[in-house]
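One structure below.
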Protein chains: 2
Amino acid sequence: MGRPATPKLSVDKIAAAALALVDAKGEFTMGEIAGALGVRPSSLYNHLAGKTDVIEAMRARIFAEQPAPPAPSAHWTDALRALLRHYRDAFARHPRLIPMLTAHTVSSPDVIHMYDDIATVLSAAGIPTARLLDVITVLDSFVIGSALDVAAPDQVWDAAQARTPVLIAAISAAGHGRPRADRAFELGLDLILGALTTYTE
Amino acid sequence: MGRPATPKLSVDKIAAAALALVDAKGEFTMGEIAGALGVRPSSLYNHLAGKTDVIEAMRARIFAEQPAPPAPSAHWTDALRALLRHYRDAFARHPRLIPMLTAHTVSSPDVIHMYDDIATVLSAAGIPTARLLDVITVLDSFVIGSALDVAAPDQVWDAAQARTPVLIAAISAAGHGRPRADRAFELGLDLILGALTTYTE
DNA sequence: ACCTGAACACCGTTCAAGT
DNA sequence: ACCTGAACACCGTTCAAGT
């Protein structure tokens, strides 16, 4: 066998294969990636250092998959809202990947780039520099938490487990699945961005 | 060998040993737990079904570890604030555990119990039932995201990666480590709870 | 430079055997 | 009921050999 004329693998092909596995089954092994690419597991190590690298490559890929970041809007809250939706959607397209990403430090260049954009918008809106990173952290925490909410099946909100009538009623009123998660995310955006506007006035 | 007069193991002992390993090294194996308890790995399976069960047992334990939930306060925002701090602290005491918990569905009885408390406070404050679960989801997402922020080293906020002067300035102004994460969490509480008050007026 | 095949250490889990 | 020891399938990773 030996080296082929044109390489059969690349980091991005590996990431794509791994992502397909995660979407389909929620996990992946090096052997499964190799199988899907018609190659032996040991071949993968010519392109990356190990399983951790595969996860990093997936993180880069889900941001590259997304369409171009939205254009700047008239009001800064609209721009920020669009950025945060964009950020969350990149995760939400691959719900089962999100827990894997949280196990490693979130420092992909694409993510930092998004922080740059958010910082620019917030600063122009009048948030003082001393508070800027705190505000970004709040937004980031909410987005990541909301992405995890998409990953969690509705079973989390199991009326059978609840003791209080109030919670039971709330669960049955809330609906299910993705629409429920989307609605909660939009509410959170309204609350936090609304509070930020009064904060800058 | 054979069965000892008094059992050497229990689910809680296993959870405690696993938690010590996670706190110390960020991971654990069944073999390491067994070693720490002076027992063979196969013995663990007399008490739980597998590694997933160990993680569930750890989740239950970190809530049991916490002191009693805070007493109800004069104003409902104070009660809610105390509940959410309590909730986040339970996670924040074991930062390296948090990513493991996000990999599985969060449906421990202790967590549901906390949702009951939150629902009661919110309902008494005047949040309509139709919106109650959405509000709880927003709070929950923020708390989980903030807990993950405690787990992430400051390297996430790496000024060397930032492109915008605004972000670079914000990072150097923000400080480091646990105080930085705590301050951001408190800001988020202020923003969200503040927005909720105007929401109920 | 890049794929292969064999080899390694390690891991989670099962189960018959012991008391 | 509960611990042991041996065994299993599987997994990530390494590396010399091939082209």
Side-chain angles (χ1 to χ4, degrees), chain A residues 1-61 96-97 99-105, chain B residues 1-61 96-97 99-105:
Chain A
M1 314 301 151
R3 178 193 177 202
T6 152
K8 306 168 82 168
L9 294 179
S10 70
V11 173
D12 201 57
K13 274 182 193 160
I14 294 172
L19 199 50
L21 285 163
V22 169
D23 285 341
K25 341 183 305 157
E27 53 191 8
F28 73 96
T29 69
M30 300 303 268
E32 288 168 338
I33 297 176
L37 295 172
V39 117
R40 299 285 151 189
S42 52
S43 310
L44 303 175
Y45 293 83
N46 289 301
H47 299 268
L48 27 76
K51 203 170 179 180
T52 307
D53 271 20
V54 177
I55 293 175
E56 274 320 297
M58 293 171 99
R59 193 201 306 275
R61 193 167 212 282
R96 335 236 346 221
L97 175 64
M100 297 185 187
L101 297 183
T102 65
H104 301 84
T105 319
Chain B
M1 316 299 152
R3 177 191 179 204
T6 152
K8 308 167 81 169
L9 295 180
S10 70
V11 173
D12 202 56
K13 274 183 194 161
I14 294 172
L19 199 50
L21 285 164
V22 170
D23 285 342
K25 341 183 303 155
E27 54 192 7
F28 73 96
T29 69
M30 301 302 268
E32 288 168 337
I33 296 176
L37 296 171
V39 120
R40 298 286 150 187
S42 53
S43 309
L44 303 174
Y45 294 83
N46 288 301
H47 299 267
L48 25 77
K51 203 169 180 180
T52 305
D53 271 20
V54 177
I55 293 174
E56 275 320 298
M58 293 170 100
R59 194 203 305 278
R61 192 165 213 282
R96 334 238 344 224
L97 175 65
M100 297 184 187
L101 297 183
T102 66
H104 301 84
T105 320

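From a predicted model like this one, the values you see are computed outputs, not experimental measurements. Within every chain, numbering begins at 1; the chains are lettered A, B, ... in the order of the sequence lines, protein sequences first and strands thereafter. We use all heavy atoms of the structure for the numbers below, so side chains are in, but hydrogens, waters and symmetry mates are not.
Using a 4.0 Å cutoff on non-hydrogen atoms, the parts of residues 38-47 of chain B near DNA chain C are Ser42(B), Tyr45(B), ordered by number. Applying a 4.0 Å cut-off to non-hydrogen atoms, none of the residues of residues 14-37 of chain B approaches DNA chain D.
Under the salt bridge (charged side-chain N to carboxylate O under 4.0 Å, His left out) criterion, the residue pairs touching residues 8-22 of chain A are Asp12(A)-Arg61(A), with sequence neighbours excluded. For residues 44-53 of chain A, there are no salt bridge (charged side-chain N to carboxylate O under 4.0 Å, His left out) pairs, not counting sequence neighbours.
By the side-chain contact (heavy atoms from CB on, under 4.5 Å) test, Thr52(A) is found to be paired with His104(A), residues two or more places apart in sequence or in another chain being considered.
Within the 4.0 Å cut-off from OP1 or OP2 of dG12(C), at least one side-chain nitrogen or oxygen of Lys51(B) is found.
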Listing, residues 17-40 of chain B side-chain donor-acceptor contacts under 3.5 Å, not counting sequence neighbours, or none:
unit_1   : atom_1 : unit_2   : atom_2 : d
Asp23(B) : OD1    : His94(B) : ND1    : 3.0
Asp23(B) : OD2    : His94(B) : ND1    : 2.8
Lys25(B) : NZ     : Glu32(B) : OE2    : 2.6
Thr29(B) : OG1    : Gly31(B) : N      : 3.4
Thr29(B) : OG1    : Glu32(B) : N      : 3.0
Glu32(B) : OE1    : Thr29(B) : N      : 3.0

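Between Ser10(B) atom OG and Asn46(B) atom CG the span is 12.5 Å, to the nearest 0.5 Å. Here the CD1-CE distance, from Ile55(B) to Met100(B), works out to 6.5 Å after rounding to the nearest 0.5 Å.
Of all heavy-atom pairs spanning Pro99(B) and Ala103(A), the tightest one is CB-CA, 3.7 Å.
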In dot-bracket form, how is DNA chain C paired, counting a Watson-Crick or G-U wobble pair only if both its distances are under 3.5 Å and using | for bases paired to another strand? ||.|||||...|||||.||

